[in-house]
Structures are given as structure tokens and as C-alpha cells.
There are 2 protein chains.
Amino acid sequence: MKLSEGVEAAIHCAAMLAGVEGQGTLPGAAMAEAFGLSPSYLLKHLNALTAAGILESVPGPAGGYRLARATERITLLDIVLAIEGRDPAFRCGEIRQCGPARLDASAYAKPCGINVAMQKAERAYRAALAEARLSDIVAKHMRDADPRSVAANRAFVERHQRPQKSTKQTER
Amino acid sequence: MKLSEGVEAAIHCAAMLAGVEGQGTLPGAAMAEAFGLSPSYLLKHLNALTAAGILESVPGPAGGYRLARATERITLLDIVLAIEGRDPAFRCGEIRQCGPARLDASAYAKPCGINVAMQKAERAYRAALAEARLSDIVAKHMRDADPRSVAANRAFVERHQRPQKSTKQTER
DNA sequence: ATATCCAGGATATAAAATATCCATGAATAT
DNA sequence: ATATTCATGGATATTTTATATCCTGGATAT
Ligand code: FES
Ligand code: FES
């Protein structure tokens, strides 16, 4: 049981994107630099977040990433599932019927008790993650973290964000 | 996030060992055969369970494994931690301070909010696993599972279990 | 003494995570 | 329209981890 490092990176990026104004975007390379990560690899995770509908991507110059919906409607569970996949951590391999004395299939109709106990625990895990909204994370950071840190973060997005200018704004 | 297959094997073995009578033991090779697993690899996991104090091992002929304590005092959490290790699934890599604009260390004194949210979810997961006692698993199996299956399991341990005879019993 | 079983280390293979590179395509300026 | 710039997405390499096997040594009952 081990979560990939990409999960941490993805959450940090989402939290940072929460700081851009309006429809502005933030290039992936900038976020990679901000956290000292390899850009090429981070893009893969950002890609996964985009595919999951958590982020939106804007190609071309002045492009980048932005959040696809409000921070109140993005949870840590959304991000974790997007990066780690939606499969449960424990998977019943049905090894109970892999022995030499295999019975008729009807004897294994009911799901095994081990699996239900494991899935119950995993539901508790996911429920806890679903309670953690991105808005809570950023709010708590603003309130509790060191002022120098929040100022530095704000300055960083201020410097790298790219306001979406022409078409999209006039369309609205 | 993915649990190793060894976890399922370990739980099944523990449940099977719950069926042996008294101080009797069950050889690891027999359990490997019962679940269609590679014996050499299963021994590694059983070894981990022994090191964690969940099982006891008896060398020599008439040797094997037995539970180290009552089924009421063995939880799925015990087994999962023994196989997967005690480290948390999510580890804060402190990438917030890996960027180019690293501040003074005092700015990162407080633990980051992302980590606390993740650890909170993991505590919920472990708490749920700690609620699941091995005695519950076997009781539920006896009650709900197909009668043919429980009979086959009982017959299997009956055939392979090895009663501990001489010294240990006379000592007591 | 012999046969059986576990413990542990060394080793080999398979799978997955991590990291890098290049081709494609979109927006802007000329 | 065309060329240029930039980011995305897919394809590819490298590293780490999990899985599986093998062998030696120690312990115990027959
Ligand atoms: S048969 Fe093993 S967990 Fe379901
Ligand atoms: S700094 Fe990234 S999770 Fe703590």
C-alpha cells in the first residue's frame, strides 16, 4: 500500500491553480519549476487530471491549465482517483477457489467475507477524502501557514499566470 | 494505491489457521497448495506474519504454523501492516519547499495542510480495519458461506493439521 | 541418523513507477 | 496565408518495486 508521488504533486498543483484569477491559466512548466519536479513527468499527471475533468487545458502560446470547476466542488478523492485510478486498493483474487479441490461455481456465488470487510474499510477511506474539499485546503493554508509562504505563493502565480484575453472574454 | 497480493494470501492463511484445534499446526506448503500459490513466495509472507507476532512457527517434522493469539485479538489491520509495512500510504515529500524560491526553514515549521488531511483519511481506513477481527471473519464465513465450501475447508485442515503432542503439552 | 519443516539470504523475472524525448496542433504576429 | 512560438499528448527509456525461485543452515520428531 503506497501512493505514488504524483498524488502529492497533483494536489499541490490544484491548490496553486486555485489562486489564479478568473479564466486565467498557468503553464505546466511553471508549476514544475515551483515544486522542483521534472516538467515532462508532471505533465503526465496534469494530463490525467484533465482527462478526469478536474482541470481544463488551453493549448498554444498563452496557454496552460486552469481548474474546471469551483474549489468547493473538487475533493481530494477526485484527485487521488484521477492519479491512482479508480480500482479499489484491495482486489479479491478469488484464491479461495484456486486450490486443487475446486467445488462447483455455485458454491462461490456469494462474495467472500474478506473482500466485504476490506471494501468497507476502503469506503471509509474514500469517504474521508471526499470530505476534504480543495477550498478547505487553500483556506486553511491562508489562515494557518507562515505569512512568508503564502506571500511567496501568491507572488509566484501572479508572475506566471496568463490572463485569457481576446475571444473568450468577448464571447461571454 | 494498490495492496500487494500477499495481503489476501495472508488473510486467508490466518483464517484457515483459525480452524486448527488446540496447539496444532499447519505446514506452509499445505496452505500454498490450498490456495494455488507458489510455496516459496508464500513462506515469505508467513514469515512476515511470524515476525509481527501474529503467527508462531514450529520447525521440524510435525511442524508448521499456528496463530500466536486468540482470533478475537487479531485484526485485519494487524495483518495488513505486517505485510505492507507500517509506513503511511501517503508521505509528505515537502515539495512545497523544493522550488527555486526556497524560504528560510522556519517558514515551514508547521506541517502542511495537505498532509494532515491525507493522514486523517488514512486513520479512518486503519480504524475500520482495526474493527474487523479475525473471529468475525471466520464466524461470518461459517454462517453465510455455502455449506459445501465450509465443509471442504474443514476437511482440508483436518487432513493436514499436525497435533503438537509431547513436550509442550506435558510442560504445561 | 534421517526425514521434514521453517528461517534467511542470494538471485532471477515481471510489473510498475519515474523520467525523458519528440511529433502534433493551436494561437499569435507578421 | 505563412511562419513562429509554445504547450499538449503520445511514445520511449530508465529506475524502482513487487513477485517468484532457489539454496544453505538450523531445529525437531521419528
Ligand atoms: S477469495 Fe480471497 S479475498 Fe475473496
Ligand atoms: S509539502 Fe506536499 S504534502 Fe506536505
Side-chain angles (χ1 to χ4, degrees), chain A residues 1-10 25-33 35-51 55-66 83-85 87 89 91 93 95 160-169, chain B residues 1-10 13 17 23-33 35-52 55-66 68 83-85 87 89 91 93 95 160-171:
Chain A
M1 165 124 111
K2 195 190 64 167
L3 272 66
S4 105
E5 301 179 11
V7 173
E8 180 180 2
T25 66
L26 214 55
M31 294 190 273
E33 182 194 357
F35 299 119
L37 301 173
S38 83
S40 320
Y41 189 39
L42 179 63
L43 289 201
K44 193 180 150 193
H45 292 315
L46 295 176
N47 187 356
L49 293 179
T50 307
L55 302 187
E56 286 176 354
S57 66
V58 177
Y65 293 93
R66 76 166 77 96
I83 301 296
E84 292 284 327
D87 293 334
R91 270 148 298 184
I95 67 172
H160 289 88
Q161 74 178 341
R162 309 201 169 163
Q164 293 301 308
K165 317 173 188 176
S166 53
T167 59
K168 292 251 174 169
Q169 285 191 349
Chain B
M1 166 123 114
K2 194 192 63 169
L3 272 67
S4 105
E5 300 179 13
V7 172
E8 179 181 2
C13 288
L17 287 173
Q23 290 288 92
T25 65
L26 214 55
M31 293 191 274
E33 182 195 356
F35 299 118
L37 302 172
S38 82
S40 322
Y41 192 39
L42 180 62
L43 288 200
K44 273 210 178 336
H45 294 315
L46 294 175
N47 189 353
L49 293 178
T50 308
L55 302 185
E56 286 176 355
S57 67
V58 177
Y65 294 93
R66 76 167 77 94
I83 301 296
E84 292 284 327
D87 293 334
R91 271 149 296 187
I95 67 173
H160 290 89
Q161 75 179 342
R162 313 217 167 148
Q164 292 301 308
K165 314 175 186 177
S166 53
T167 59
K168 293 251 174 168
Q169 285 192 349
T170 54
E171 279 176 4

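Residue numbers start from 1 in every chain, and the chains themselves are labelled A, B, ... in the order their sequence lines are given, proteins ahead of strands.
- Using a 4.0 Å heavy-atom cutoff across all strands shown, A:Thr50 reaches no nucleic acid atom at all.
- Residue B:Pro61 is classed as a base contact, given a heavy-atom separation below 4.0 Å to a base.
- Distance OG/A:Ser57 to CG/A:Leu49: 11.0 Å, rounded to 0.5 Å.
- Nucleic acid contact for B:Gly28: sugar-phosphate only, since backbone atoms but no base atoms lie under 4.0 Å from a heavy atom of the residue.
- Between the OH atom of A:Tyr41 and the C1' atom of C:dC22 there is a distance of 19 Å, given to the nearest Å.
- In this structure, the nucleotide among C:dA7, D:dG9, D:dT19 sitting nearest to the side chain of B:Glu5 is D:dT19.
- Along DNA chain D, the nucleotide closest to B:Ala62 and the one closest to A:Lys2 are compared, and the more 5′ of them pairs with A:Lys2.
- Rounded to a whole Å, the NE2 atom of A:His160 is 14 Å from the P atom of D:dC6.
- Going from atom CD of B:Glu8 over to atom CG of B:Leu3 covers 11.0 Å, rounded to the nearest 0.5 Å.
- A:Asn47 has no side-chain polar atom (N or O) that falls below the 4.0 Å cut-off from OP1 or OP2 of D:dT8.
- Taken to the nearest 0.5 Å, the CG atom of A:Leu42 stands 11.0 Å off from the CG atom of A:Asn47.
- Taking atom CD of residue B:Glu56 and atom P of nucleotide D:dT28, one finds them 14 Å apart after rounding to whole Å.
- Comparing atom distances between the A:Ser38 side chain and each of D:dT28, C:dA19, C:dG9 picks out C:dA19 as nearest.
- Checking C:dC5, D:dC6, D:dA18 against the side-chain heavy atoms of A:Arg162 singles out D:dC6 as nearest.
- Taking each heavy atom of B:Ser4 and B:Ile83 in turn, the nearest pair found is OG-CG2, 4.1 Å.
- One distance of note links NE2 of A:His45 with CD of A:Glu5; it measures 8.0 Å at 0.5 Å rounding.
- Between B:His160 atom NE2 and B:Met31 atom CE the span is 11.0 Å, to the nearest 0.5 Å.
- Within 4.0 Å of B:Lys44, counting heavy atoms only, lies at least one base atom of the nucleic acid.
- Under the Watson-Crick and G-U wobble criteria, each requiring two contacts below 3.5 Å, nucleotide C:dG25 is paired to D:dC6.
- Going from atom CD of A:Glu8 over to atom P of C:dA17 covers 17 Å, rounded to whole Å.
- Residue-level contact check: A:Ser40 touches the bases, meaning some heavy atom is under 4.0 Å from a base atom.
- Atom-to-atom, CZ of B:Arg91 to P of C:dA17 comes out at 13 Å; the value is rounded to the nearest Å.
- In terms of position on DNA chain C, the residue among A:Val58 and A:Leu3 whose nearest nucleotide sits closer to the 5' end is A:Leu3.
- We find that CD1 of A:Ile83 is positioned 13 Å from C1' of C:dA17, with the value rounded to whole Å.
- Distance A:Leu42 CG to C:dA17 P: 17 Å, rounded to the nearest Å.
- A straight line from CG of B:Leu46 to C1' of C:dC5 spans 13 Å, rounded to a whole angstrom.
- In this structure, B:Ser4 reaches the D:dT19 phosphate: one of its side-chain N or O atoms is under 4.0 Å from OP1 or OP2.
- Between B:Ser57 and C:dC5 there is no side-chain polar atom (N or O) within less than 4.0 angstrom of OP1 or OP2.
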